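Here is the structure we will look at.
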Amino acid sequence: MSVIAPTYSVFVAMPELPEVETVMRGMRASLEGHRITSAVARRPDLRWPLPKNLTTILNGRRIESFRRRGKYIFMRLSGGMSMLLHLGMSGRVTLNASDDVTLHEHVTFTTEEGRRFGLIDPRRFGAIDLVPTNEEESHRFVATMGPEPLSPAFTADTLAESLAGRRSPIKAMLLDQRVVAGLGNIYVCEALFRARIHPATPAGSLTKPAIRRLVHAIRAVLTEAIAAGGSSLRDYVQPDGELGYFQHAWRVYGRAGQPCPECSKGKGKEACPGIIKIMQSGRSTFFCPRQQPEPAQS
DNA sequence: AAGCGGCCCTGAAGGC
DNA sequence: TGCCTTCAGGGCCGCT
């Protein structure tokens with residue numbers, strides 16, 4: 001008999017790559033090798049209709065492994081089937097929680113080994129689908145997705161190629177999952193700040209040094225956030241959920257009106273107006289106008 | 001065809 | 001206190 005960890009839930013406010021990675025690691029630690037003995041779907045759809053035979057197909061299968069692609073989690077099952085999971089905006093996973101069904105807990109399954117998995121998603125922007133394991137990469141959710149930002153395939157050269165000729169603001173381009181996988185509003189803001197790039201810069205006008213800084217900044221912020229989320233998951237065993245601790249490391253996101261953490265360090269900080277918020281394509285963008293000046297017009 | 005706005009959904013937060 | 005409006009955003013859809 002295996003040791004069952006204390007009850008906990010994995011909560012993330014806005015699941016981007018690091019949060020999805022954290023959730024996937026929690027699922028792997030709790031569920032890998034287990035056999036599903038019951039599955040329940042309490043509504044027919046999330047963002048899209050659930051597979052009609054979802055619970056029937058899950059039932060009896062062994063959970064063999066997990067992997068992440070962008071913001072999607074693949075749970076590979078015995079018999080050559082994979083379940084895709086997207087947490088949308090408000091997705092939360094409970095593992096080994098109580099038998100009580102939580103509000104907005106749309107899907108639940110339990111394992112022979114005594115684990116209970118629950119997917120809670122109030123806004124229902126999340127998704128679940130099934131796909132044969134050998135066809136994972138051609139599933140419509142991931143087929144057109146760009147490179148994993150932490151993989152060797154994501155380089156200044158490949159990013160420059162994607163951005164060439166594009167007049168959209170770099171902020172919008174980085175949110176496009178076809179350009180690079182897994183980034184959302186928070187980490188795009190953070191990466192642009194670290195790379196000292198104005199979010200409205202036309203993507204195709206970025207210089208190669210700027211693109212190199214951007215690739216480095218994206219890798220750094222994601223790596224740090226995964227480390228923080230991981231430690232949060234490892235240490236965190238309360239039932240009611242809490243943000244991973246990386247939220248405290250945000251330098252610009254959600255900090256409108258506050259001093260810029262970079263400008264505050266150096267001379268001339270009185271010339272910095274602090275972090276400001278603008279709207280781009282209906283999304284909020286946070287940046288420092290002094291660290292990230294508007295690009296020179298040419 | 002690139003680019004952009006609208007839409008889905010619920011809960012939190014702010015205004016009066 | 002309570003009701004109302006606004007905002008949050010991932011990703012798809014449709015219009016230009």
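Every heavy atom of this structure was used, including side-chain atoms; hydrogens, water molecules and symmetry mates were not. The shown structure was predicted, so the numbers you read here are calculated from the model rather than taken from an experiment. Just so we're on the same page: letters track the sequence lines, and every chain starts at 1.
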Here the distance between atom P of B:dG3 and atom CE of A:Met173, to the nearest Å, is 7 Å
Do A:Arg166 and B:dA2 have a side chain to base donor-acceptor pair shorter than 3.5 Å? no
Is it true that A:Glu136 and A:Arg76 have a side-chain N and a carboxylate O under 4.0 angstrom from each other? yes
At under 4.0 Å between heavy atoms, what does A:Met145 touch on the DNA or RNA strands: base, sugar-phosphate, or nothing? nothing
Are any of the side-chain heavy atoms of A:Phe193 and A:Val221 separated by less than 4.5 Å? no
Distance, rounded to the nearest Å, where A:His139 contributes NE2 and C:dC12 contributes P: 11 Å
Starting at atom CZ of A:Arg178, determine the distance to atom C1' of B:dA1, rounded to an integer number of angstrom. 11 Å
Is the number of heavy atoms from other residues, nucleotides or ligands within 6.0 Å of NZ (A:Lys208) greater than 12? yes
Any idea which of C:dG11, B:dG3, B:dG11 is nearest the A:Arg167 side chain? B:dG3
Starting the side chain at C-beta, find the nucleotide from C:dG9, C:dG11, B:dG11 nearest to A:His104. B:dG11
Look at A:Ser284 and C:dG9 and indicate whether a side-chain polar atom (N or O) is within less than 4.0 Å of OP1 or OP2. yes
Any side-chain N or O of A:Lys277 under 4.0 Å from OP1/OP2 of C:dA8? yes
So does A:Ser168 get a side-chain nitrogen or oxygen closer than 4.0 Å to the phosphate oxygens (OP1/OP2) of B:dG3? yes
With a 4.0 Å limit, can you tell me whether A:Gln177 has a side-chain N or O closer than that to the phosphate oxygens OP1/OP2 of C:dG10? no
What is the distance, rounded to the nearest whole Å, between atom CG of A:Leu175 and atom P of B:dG5? 14 Å
Among B:dC4, B:dT10, C:dG9, the one nearest any side-chain atom of A:Pro169 is B:dC4
Let me know the distance between CE of A:Met89 and P of B:dT10, rounded to the nearest Å. 13 Å
Figure out the CZ/C1' separation between A:Arg92 and B:dT10, and round it to whole Å. 13 Å
A:Arg43 side chain to A:Asp45 backbone, donor-acceptor under 3.5 Å: yes
Counting heavy atoms from C-beta on, name the nucleotide in B:dC9, B:dG3, C:dA8 closest to the side chain of A:Met279. C:dA8
Donor/acceptor link under 3.5 angstrom from A:Arg283 side chain onto base of C:dG11: yes
Minimal heavy-atom distance between A:Asn59 and A:Ser38, with the atoms involved, is OD1-N, 3.6 Å
Which one, C:dG11, B:dG11, B:dC9, comes nearest to the side chain of A:Arg47? C:dG11
Which nucleotide wins on minimum distance to the side chain of A:Trp48, given the candidates B:dC4, C:dG10, C:dC12? C:dC12
Starting at the 5' end of DNA chain B and moving along, which residue's nearest nucleotide shows up first, A:Arg123 or A:Ala172? A:Ala172
Just wondering, do A:Leu103 and A:Ile120 contact through their side chains at under 4.5 Å, heavy atoms? no
Could you check how far NE2 of A:His86 sits from C1' of C:dG9, rounded to whole Å? 11 Å
Atom-to-atom span, CG of A:Asp176 to C1' of B:dC4 - whole angstrom: 13 Å
C:dG10 base stacked by A:Phe125? Criteria: ring centres under 5.5 Å, plane angle under 30°. yes
